[in-house]
*Asks:* 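Here it is: the structure, laid out below.
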Amino acid sequence: MLLVALENEQARAPSDDDLIRRCQKHEAEDREAFLTLYERYKGRIYSFALTLLRNPADAEDAVQETFRYIFTKLNAYKPQGKFKSFIFKIAHSISIDIIRKRGRQAPLPESFEQGFETAEKDRAAEVERLRACYARLPRVYREIMAMRVADELAYEEIAEVLGVPVGTVKSRIHHAVELLREMLKSVKKGAGLAPWEAAADEPDSGEDDKP
Amino acid sequence: MTIKCDELSNDLLMDVAGRLVEPEVLDQVTTHLSGCLSCGERYLEVKQIRETTQIALRAMPAPALDARVIEVTGKVMALKRKTSRRRIVAWILVAAIAAAAVLAWALRS
């Protein structure tokens with residue numbers, strides 16, 4: 001019964017493009033439609049930006065800038081069912097801009113706890129271990145894991161966001177997982193994460209960041 | 001068709017863990033995993049990374065951000081209205097000047 005009610009509610013919920021059309025039709029004065037979009041995406045964009053920037057204040061700035069940009073450029077967007085990759089692409093560009101302005105990555109955190117939700121007690125240790133690994137994972141791998149695993153974007157959508165071929169997306173995921181496996185093994189052996197600290201703290205090259 | 005160890009990339013294993021592959025690929029991979037100890041171990045590690053990542057990278061911004069976004073978009077909206085009003089006034093002025101020019105020309109001839 002509850003499942004049917006939930007399914008009905010999902011079916012009734014307007015699509016992203018419907019909301020965008022409403023905003024465009026009313027010359028961006030349909031606040032309700034825009035706020036619905038904001039509520040739908042704020043958590044996902046914040047998590048994504050936080051994964052890239054490793055700093056809650058910067059991540060909030062990235063979310064604010066992303067939505068300001070979208071609101072300003074509403075009429076330029078053509079609703080084609082690609083709003084998810086469109087918003088992630090903007091959030092990605094803005095986050096990269098913040099990293100560039102900052103000059104260096106934020107000082108390497110001990111773990112990735114700040115700003116992220118507290119995990120349930122039975123998985124807390126496991127989550128904390130993985131967050132410590134993510135904190136040391138190079139940015140290109142963090143962003144790809146956030147999009148594919150945490151947000152479940154399709155390979156094609158990620159390729160569009162990053163402006164790279166689908167094959168590159170797959171190979172980056174492969175390498176990211178390989179690195180995480182090595183890190184987790186090292187932690188379990190009690191060897192720590194020291195070998196990966198230098199790589200994670202390097203400033204971003206920006207080589208493949210062109211929007 | 002059988003699948004080989006070197007064809008089982010981490011991205012494919014992660015998709016299998018999330019059941020994001022075609023049923024026939026799932027069957028092939030599952031058959032391989034049940035008979036290959038090292039790939040089976042790697043699969044379990046990848047599956048755990050996937051599941052833990054979904055929890056580890058979850059975050060919500062502070063409620064104060066809502067007010068910031070509403071304020072910023074409000075300012076953009078006000079700016080849009082102002083620009084739109086200016087454009088209307090400019091068009092009215094152009095139309096008035098054109099009408100005056102036509103009137104002046106008509107009176108002279």
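The chains referred to below are lettered A, B, ... by the order of the sequence lines, with proteins before strands, and numbering in each begins at 1. Scope of the values below: all heavy atoms of this structure, side chains included, with no hydrogens, waters or symmetry mates.
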*Asks:* Checking A:R181 against chain B: side chain, backbone, both or neither under 4.5 Å from a heavy atom?
*Replies:*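 Both parts, backbone and side chain.
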
*Asks:* Side chain, backbone, both or neither: which part of A:I45 has an atom under 4.5 Å from a heavy atom of chain B?
*Replies:*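 Neither; nothing under 4.5 Å.
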
*Asks:* Among residues two or more places apart or on two chains, list those pairs meeting ring-ring contact (aromatic ring centres under 6.0 Å, His included) that have a residue in residues 51-70 of chain A.
*Replies:*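 The answer is A:Y38-A:F67.
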
*Asks:* Determine, for A:Y155 and A:R148, whether the Lys NZ or Arg CZ falls below 6.0 Å from the six-membered ring centre while staying within 45 degrees of the axis.
*Replies:*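 That pair qualifies as a cation-pi contact.
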
*Asks:* Would you mind checking if A:D151 and A:R44 are paired as a salt bridge, meaning a charged N to carboxylate O distance below 4.0 Å?
*Replies:*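 Answer for the salt bridge query: yes.
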
*Asks:* Considering residues at least two apart in sequence or located in another chain, which fulfil the side-chain contact (heavy atoms from CB on, under 4.5 Å) criterion with A:A57?
*Replies:*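 Here the qualifying residues are A:N55.
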
*Asks:* Answer with side chain, backbone, both or neither: which region of B:A64 has an atom nearer than 4.5 Å to a non-hydrogen atom of chain A?
*Replies:*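 Nothing of B:A64, per the 4.5 Å heavy-atom cut-off to chain A.
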
*Asks:* Sort A:E65 into side chain, backbone, both or neither according to what part of it lies under 4.5 angstrom from a heavy atom of chain B.
*Replies:*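 It is neither, since no heavy atom gets under 4.5 Å.
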
*Asks:* Counting only non-hydrogen atoms closer than 4.5 Å, does B:L13 touch chain A with its backbone (N, CA, C, O), its side chain (CB onward), both, or neither?
*Replies:*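 B:L13 has no heavy atom closer than 4.5 Å to chain A.
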
*Asks:* What I want to find out is whether B:E7 reaches B:K4 closely enough, with some N-O distance under 4.0 Å, to be called a salt bridge.
*Replies:*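 No, no charged N to carboxylate O under 4.0 Å.
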
*Asks:* Looking at B:R68 and A:D61, is there a salt bridge between them, counting it only when a charged N and a carboxylate O are closer than 4.0 Å?
*Replies:*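 Yes, A:D61 and B:R68 are salt-bridged.
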
*Asks:* Are A:E143 and A:V161 side-chain neighbours, meaning at least one heavy-atom pair lies under 4.5 Å?
*Replies:*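 The answer is no, as the side chains (C-beta and beyond) never meet within the 4.5 Å cut-off.
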
*Asks:* Checking B:D66 against chain A: side chain, backbone, both or neither under 4.5 Å from a heavy atom?
*Replies:*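 Answer is both: backbone and side chain atoms of B:D66 are under 4.5 Å from chain A.
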
*Asks:* Under 4.5 Å heavy-atom distance to chain B, tell me which part of A:L35 shows up: side chain, backbone, both or neither.
*Replies:*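 Only the side chain of A:L35 comes within 4.5 Å of chain B.
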
*Asks:* Of all of B:Q54, B:K75, B:M60, which one pairs up most often with chain A through heavy atoms under 4.5 Å apart?
*Replies:*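 Ranked by heavy-atom pairs under 4.5 Å with chain A, first place is B:M60.
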
*Asks:* Of the backbone (N, CA, C, O) and the side chain (C-beta and beyond), which part of A:E152 lies under 4.5 Å from a heavy atom of chain B, both, or neither?
*Replies:*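 The side chain, not the backbone.
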
*Asks:* Sort A:F48 into side chain, backbone, both or neither according to what part of it lies under 4.5 angstrom from a heavy atom of chain B.
*Replies:*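 For A:F48, there is no contact with chain B at all, as no heavy atom is under 4.5 Å.
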
